[in-house]
Amino acid sequence: MSNKPFDVVIVGAGIVGAACADECARRGMSVALIDRDVIGGGATAAGMGHVVVMDDSEAQFALTRYSQKLWHSLRTEFPDDIEYEQCGTIWVAVDDEEMGEVRRKHGFYGERGVSTQVLNPKELRALEPNLRDGLAGGLLVPEDVVVYPPCAARFFTERAQKQGAQLFTTASVKRIGQGQVELSGGMQLSAPRIVNAAGAWAADLTPGLEIKKRKGHLLITDRYPAFLQHQLVELGYLKSAHSVTSDSVAFNVQPRRTGQILIGSSRQYGAEHKEVDHAILTRMLQRAQEYMPALVAMSAIRTWTGFRAATPDKLPLIGPWSGDKTLFLATGHEGLGITTSLGTAKLLADVLTEKTTEIPIEPYLPSRAREEFAHA
Ligand SMILES: Cc1cc2nc3c(=O)[nH]c(=O)nc-3n(C[C@H](O)[C@H](O)[C@H](O)COP(=O)(O)OP(=O)(O)OC[C@H]3O[C@@H](n4cnc5c(N)ncnc54)[C@H](O)[C@@H]3O)c2cc1C
């Protein structure tokens, strides 16, 4: 048994834990980063890698935009395998009602400094000729990006290691709290600050956390270069993402640098098995084909699933956990954790070093969750 003192021990080497380790190490802290699996092997390996500005709430917008700017700022430092591509997003509208939403989004983003372009049907067709006929238009958000998340997690981990961080993989954490981290082999690490960044499994280590697993499916096709140029998302995606009771699917496709097409997405509560659910996969693909009929003729290479860490108010939990002054959270990022990992890391490191945060942290503080959920 060893008892190494670190300034901070981070549990979970997904994109969030890796980004936190990097930020803490760069600020001079001695860091231990622990994962029971490999780096980025959880939801991070399953995610789509769409770095997207979202506007469900002011707080969601603030964190996604802050984070996206951080992704942009690192673009020249990224190795090739992160596959950083600023392909932009097109939110696709099927009818006049959804065009109303396009215009609302255009106004919302414009007022907050994000440039977007409203597309009429002809402009939409010119940009994405493989969409079906008869669509009402869309909204182009040119600054949205696509990355390959597991390699991004590895990049941040390696940067942290270059600053002296120690990485423990295949090391399962049994217990955290009161400055102690107990690994299943009996090893114990101590630190005045422990960060629970265990994603969808965070509540196993911190009982009382309001986090549910939300299962998602993805499929990747063979190579079809130039078939797709932008990340395309139906505006109905927002309804799908908001549903907290039923299973839902939405049209959400992404061009990969290889010419492959990543097809999503689904959301399920209460599905704890990681096996592919063929009924929901079929629904997801049918939805995609309603928008892009030519997808039906494509060969699929692989399908997989992953678990999003969902909180009741759809905002992550970042900051101190009441009841244990050594315990901090960086979890609950649901379907936006790739995007918001970098903003999360900055906010968390600011809290740990008692610095003023660049955006208000209050909407993400775990204390807000406990108060609000207690009255829900
Ligand atoms: C299908 C799907 C599509 C998605 N698409 C996008 C997208 O396009 N854009 C976007 O921004 N986000 C997307 N997401 C969400 C994103 O993938 C997650 O929010 C993000 O990966 C969460 O990162 P994390 O580091 O918090 O969790 P994880 O990547 O799950 O990492 C948690 C880590 O903790 C480790 N761990 C857990 N318990 C223990 C323990 N007891 N001991 C040691 N280690 C432990 C796990 O092994 C794991 O590696 C998607 C998610 C899914 C499922």
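On a predicted model such as this, the values are computed, not experimentally measured, just so you know. Counting convention: from 1, in listed order, for ligands and their atoms alike.
- Under 4.0 Å from ligand 1, heavy atoms of Ile15 appear from its side chain as well as its backbone.
- For Lys212 and Tyr269, the positive end sits near the middle of the six-membered ring, less than 6.0 Å away and at most 45° from its axis.
- In this structure, Arg112 is positioned above the aromatic face of Phe108, its NZ or CZ under 6.0 Å from the six-membered ring centre and within 45° of the axis.
- Looking at Arg193 and Asp7, their side chains come closer than 4.5 Å, going by heavy atoms from C-beta outward.
- Between Val16 and ligand 1, a contact under 3.5 Å exists for at least one N or O pair.
- By the 3.5 Å distance cut-off applied to N or O atoms, Gly41 is not counted among the residues near ligand 1.
- You'll find the side chain of Tyr291 stays beyond 4.5 Å of the side chain of Leu232, heavy atoms only.
- Look at Leu218 and you'll find a heavy atom under 4.0 Å from some atom of ligand 1.
- Closest protein heavy atom to atom 51 (C) of ligand 1: Arg308 CG, 3.7 Å.
- At the shortest separation from atom 44 (N) of ligand 1 among protein heavy atoms lies Arg36 N, 3.0 Å.
- Residue Ala171 approaches ligand 1 through these ligand atoms, each under 4.0 Å from one of its heavy atoms: 43 (C).
- At the top of the distance list for atom 21 (O) of ligand 1, counting protein heavy atoms only, stands Thr44 OG1, 3.1 Å.
- Backbone and side-chain nitrogen or oxygen atoms of Gly337 are examined, and one is located within less than 3.5 angstrom of a nitrogen or oxygen of ligand 1.
- Between Val11 and ligand 1, a contact under 3.5 Å exists for no N or O pair.
- At a 3.5 angstrom cut-off on N or O pairs, Met48 counts as close to ligand 1.
- Here the heavy atom of the protein found nearest to atom 28 (P) of ligand 1 is Ala43 N, 3.6 Å.
- For the pair Arg125 and Asp133, the salt-bridge criterion is met [side-chain N within less than 4.0 Å of a carboxylate O].
- Note: no N/O pair closer than 3.5 Å links Ala46 and ligand 1 by distance alone.
- Of the candidates Arg214, Lys213, Lys215, Lys213 is the only one forming a salt bridge (charged side-chain N to carboxylate O under 4.0 Å, His left out) with Glu272.
- Counting only heavy atoms of the protein, atom 35 (C) of ligand 1 lies nearest to Asp35 OD2, 3.2 Å.
- Residue contacts with ligand 1, taken as heavy atom pairs separated by less than 4.0 Å, do not involve Ala45 at all.
- Heavy atoms of Gly264 stay at 4.0 angstrom or farther from ligand 1.
- Classification of the Phe156-Trp71 ring pair by plane angle, with boundaries at 30° and 60°, yields perpendicular.
- Taking a cut-off of under 4.0 Å to the non-hydrogen atoms of Trp201, the atoms of ligand 1 that pass are 30 (O), 37 (C), 38 (N).
- Ion pairing of Asp80 with Arg257 is present here, as a side-chain N (NZ or NE/NH1/NH2) and a carboxylate O approach within less than 4.0 Å.
- Between Gln86 and Asp144, the shortest heavy-atom contact is CG-O, 3.6 Å.
- In this structure, Asp350 pairs ionically with Arg27, as a charged nitrogen and a carboxylate oxygen lie closer than 4.0 Å.
- The distance from ligand 1 to the heavy atoms of Thr339 drops below 4.0 Å at these ligand atoms: 10 (C), 11 (O).
- Atom 9 (N) of ligand 1 has His50 O, 2.9 Å as its closest protein atom, hydrogens excluded (heavy atom only).
- For atom 27 (O) of ligand 1, the nearest non-hydrogen atom of the protein is Gly199 CA, 3.7 Å.
- Looking at Glu362 and Arg368, no side-chain N of the basic residue comes within less than 4.0 Å of a carboxylate O on the acidic one, giving no salt bridge.
- With hydrogens left out, the protein atom closest to atom 18 (C) of ligand 1 is Glu334 O, 3.6 Å, a heavy atom.
- Within the 4.0 Å heavy-atom cutoff, Gly49 counts among the residues contacting ligand 1.
- Residue contacts with ligand 1, taken as heavy atom pairs separated by less than 4.0 Å, involve Ala197 solely via the backbone atoms N, CA, C and O.
- Using a 4.0 Å heavy-atom cutoff, Ser266 is absent from the residues neighbouring ligand 1.
- The shortest non-hydrogen separation linking Ala197 to Val16 is CB-CG1, 4.4 Å.
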